[in-house]
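This report refers to the structure that appears directly beneath it.
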Amino acid sequence: MIPLTFRSDIQEKILKILPEESNVTKVEFEGPSVVIYVANPKYIMENSDFIKSLAKELKKHIIIRGDPRIRSPKQNVEKMIRTAVAEAGNEVDSIYFDEQAGEVYIYLKRPTRDRRLEKSILAETGWKPWIIATAFEMSKGLPHDEIDVVNQLQVRMAKERQDFLKNLGYRIHRMPIYSYDNEYVRITCLGACQEVGRSAIYMETKESNIIMDMGAKPTTSTLDEAPALELVDIDKLDAVIISHAHLDHVGFLPYLFKYGYKGPVYMTEPTKYLMEVLLTDYVETAAERGSAPYSMQDIVTALYHTISIDYDEVTDVAPDIKLTLYDAGHEIGSAISHLHIGNGLYNVIYTGDFKYGPSRLLNPAHNKFKRAELLIMESTYGGKNDVQLPRQESEAQLIDILNNTLQRGGKALIPVFSTGRAQEILLVLNEAINSGRLPKVPIYVDGMVLETLNIHMMFPDYLNRNIRDLIYDGVNPFLSEYVKPVERARMPEKRQEQVMDIVQGLPSIILAPHGMLNGGPALDYFVHMADDPKNSLIFVSYQGEGTLGRRLKMGDRKVQVKYYNDELTLDVKMQVFDTPGFSGHSDRKQLMRYVGTMDPKPQKAIILHGEPSKMMNLMLSLELTYRLDSIVLGQLESVRVV
């Protein structure tokens, strides 16, 4: 008989559903997962319906591991893995063993559709495999140092990580105290209320306290604005949920750990990798200005506490809260959060940023749920006139601007966010050149875009079907003979030489972050291109209030910028265009259609992440059109919804 756990009721259900032939030897709780050790993993893998039944019955994530006594020697396991991977038409990049947990990390050179590998490895060896596709073979010449950091961290910190998960498991899986006399759900806005930036929503229940997103708000001063954390007792915080890796949603996550948070952070696997890339660049750039809000070690700590979950996977994040993430269509791995609170008490949908429309890269946002009493929705383009051009018209407009620029001997600078817009625009440009709609000119790609391209290749299942199939067929849809990666020189003098070589060269197209021109590689090019009327500056995404991009978009042509240690005044003569149809946000029509087609219809909506006038306009439209009780919160304002 296996030893009783603190949740013997769960153990009893496991023993009732799993046949004796599986030979269960131990049950443990690691974070949100129930870990079952078996002495006959082959039987379990050949009869996997038992696991599906168990997950359905427990409503918990199940991990099967082989009992330590039946695991094969590591050298035999490695040989078996390499043979099995080769037979599946792939190659192993590297293999790492976690003897403490009985797990093996297998890094492949290419993504694979073959889901049988994990079952066969566990069945034959007793080791629980985690298969990670690096896709580096298809992205030769692109940097992947930051991706290596994430991969090495999960191997290097395996023992400490398991201890963390076991302690967390006791917190999550304890029996909740259901008392309907005093149940409540309260929502407090810590950021992104009547503004765009520093998203952070604080939710309190009788049992738990969680935060959804922890973003930064770019400012013209040296220090970006953080969410207002005055009302949060970090010691009582149970979980943080991150919707996606853009800085206005994740930029201040390490700040929590700097000041003592020791709990879990939930996000999708692509978001974890993107977060490391973007936060590393963010803190390095801030350190150069002398205004870093946290250190690299704080980023590592945040990664160490990150728990990745897939779309449609129900996960316990607190004794009374189950989380399910769904595709938000905003960037790779972006997620809409569904939070089921209590024993059927209340359900909250938090959209984060979302796109309820087609794109070349992603699927439209998900809006079908089992239950949904409260909708917390972004409103970036919520104004009555915020209607974007259809995607085909936007692409035609962009190509027309580029052709005119190139024909007059100019160069086009397209500031992009490193994830989402950059990849979308690359797909458009490559196709336009291949079809003859654009001349065969260099497309220079600079900054973090290069690193994030690899992450898109690693996770094809998070992309739409067309792009996913290309990647599985061994094609990198983002690279071509025209795409010229620019590995950013670190020394200021070398960097300026690098930029000038491109700016003074033949007509070309330049893609570089930051998308709002608030620093980053794009600013390097802008400084040297601004005074030439033959050049074009083309915005393809939202330009936040107070940013250089917003000022230029609104017509300002004499601007001051801080460039390295100099304050420069630029007389902008290059042509400035705005093509917002490429935005990863839903426009006004898509926001209304999302709510109108949502199933089931929510009872209440909280509108945030927008400029005040747009939020109010959208709120009134939802009330008039759908009779939906809608509210706009101010900073640090709360509403009790139960």
Residue that, paired with Y444, satisfies side chain to side chain contact (heavy atoms under 4.5 Å, CB included) out of P521, S508, P485: S508
Contact summary for I455 and P270, nearest pair of heavy atoms: CG2-O, 4.1 Å
Near-ring test F354/Y594, centroid separation under 6.0 angstrom: yes
For the student: nearest non-hydrogen atoms of P507 and K411, plus distance: CA-CG, 4.1 Å
Over 12 foreign heavy atoms within 6.0 Å of NZ, K534: no
Full working for side-chain hydrogen bond (donor to acceptor under 3.5 Å, both in side chains) between E284 and T280: CA-CA 6 Å; E284 288 177 350; T280 297; 5.9 Å; no
Flag, side chain of S337 to backbone of S243, donor-acceptor distance under 3.5 Å: no
Geometric class of the H246/H330 ring pair [parallel <30°, tilted 30-60°, perpendicular >60°]: perpendicular
Min side-chain heavy-atom separation L511-L429 under 4.5 Å: yes
CG-NZ distance between D386 and K589, expressed to the nearest 0.5 angstrom: 12.5 Å
Stepwise salt bridge (Lys or Arg N to Asp or Glu O under 4.0 Å) test for K553 and E545: CA-CA 11 Å; K553 175 185 170 181; E545 288 185 294; over 6 Å; no
M592 CE to D587 CG distance, which is reported to the nearest 0.5 Å: 11.5 Å
Charged N-O contact under 4.0 Å between K440 and E481: no
Side-chain H-bond candidate by donor/acceptor type, H144 with E451, under 3.5 Å: no
Exceeds 12 heavy-atom contacts within 6.0 angstrom, atom CD of E487: no
Heavy-atom side-chain contact between E611 and E195 under 4.5 Å: no
Donor-acceptor pair between N454 and S139 side chains, under 3.5 angstrom: yes
Nearest heavy atoms of A302 and T306, plus distance in Å: O-OG1, 2.8 Å
Verdict with supporting geometry, K573 and D532, salt bridge (Lys or Arg N to Asp or Glu O under 4.0 Å): CA-CA 6 Å; K573 297 178 181 177; D532 190 340; over 6 Å; no
The single option from V428, L389, L427, I425 passing side chain to side chain contact (heavy atoms under 4.5 Å, CB included) against E395: V428
S295 vs D298, side-chain hydrogen bond (donor to acceptor under 3.5 Å, both in side chains): CA-CA, chis, key distance, verdict: CA-CA 5 Å; S295 68; D298 297 317; 3.1 Å; yes
Polar contact flag, side-chain donor to acceptor under 3.5 angstrom, T380-H609: yes
Residue pair Q575 / L537, side-chain heavy-atom distance below 4.5 Å: no
Close side-chain approach of N403 to L438, heavy-atom, < 4.5 Å: yes
Min side-chain heavy-atom separation L274-T452 under 4.5 Å: yes
Modelled atom types, side-chain donor and acceptor of R360 and N466, under 3.5 Å: no
Side-chain touch R490/K494, heavy atoms, less than 4.5 angstrom: no
Salt bridge flag under 4.0 Å for residues D524 and R495: yes
Shortest non-hydrogen contact between Y563 and L523, atoms and distance: CE1-O, 4.5 Å
Aromatic ring proximity F459/Y273, centre distance under 6.0 Å: yes
Plane angle bin for F252 and Y282 - parallel if under 30°, tilted between 30 and 60°, otherwise perpendicular: perpendicular
Polar contact flag, side-chain donor to acceptor under 3.5 angstrom, R421-S583: no
Minimum side-chain heavy-atom gap L426-V445 below 4.5 Å: yes
D501 side chain vs Q504 backbone, donor-acceptor pair below 3.5 Å: no
Nearest heavy atoms of Q635 and A228, plus distance in Å: NE2-CB, 4.0 Å
Short side-chain donor-acceptor distance under 3.5 Å, S480 and N430: yes
Side chain to side chain, R198 and D224, heavy atoms closer than 4.5 Å: no
Euclidean distance, H585 NE2 relative to K355 NZ, rounded to 0.5 Å: 9.5 Å
E424 versus S359, closest heavy-atom pair with distance: OE2-CB, 3.4 Å
side-chain hydrogen bond (donor to acceptor under 3.5 Å, both in side chains) between S536 and R408, intermediate numbers included: CA-CA 11 Å; S536 292; R408 64 176 178 259; 2.7 Å; yes
Stepwise side-chain hydrogen bond (donor to acceptor under 3.5 Å, both in side chains) test for Y350 and D213: CA-CA 10 Å; Y350 171 59; D213 284 340; 2.7 Å; yes
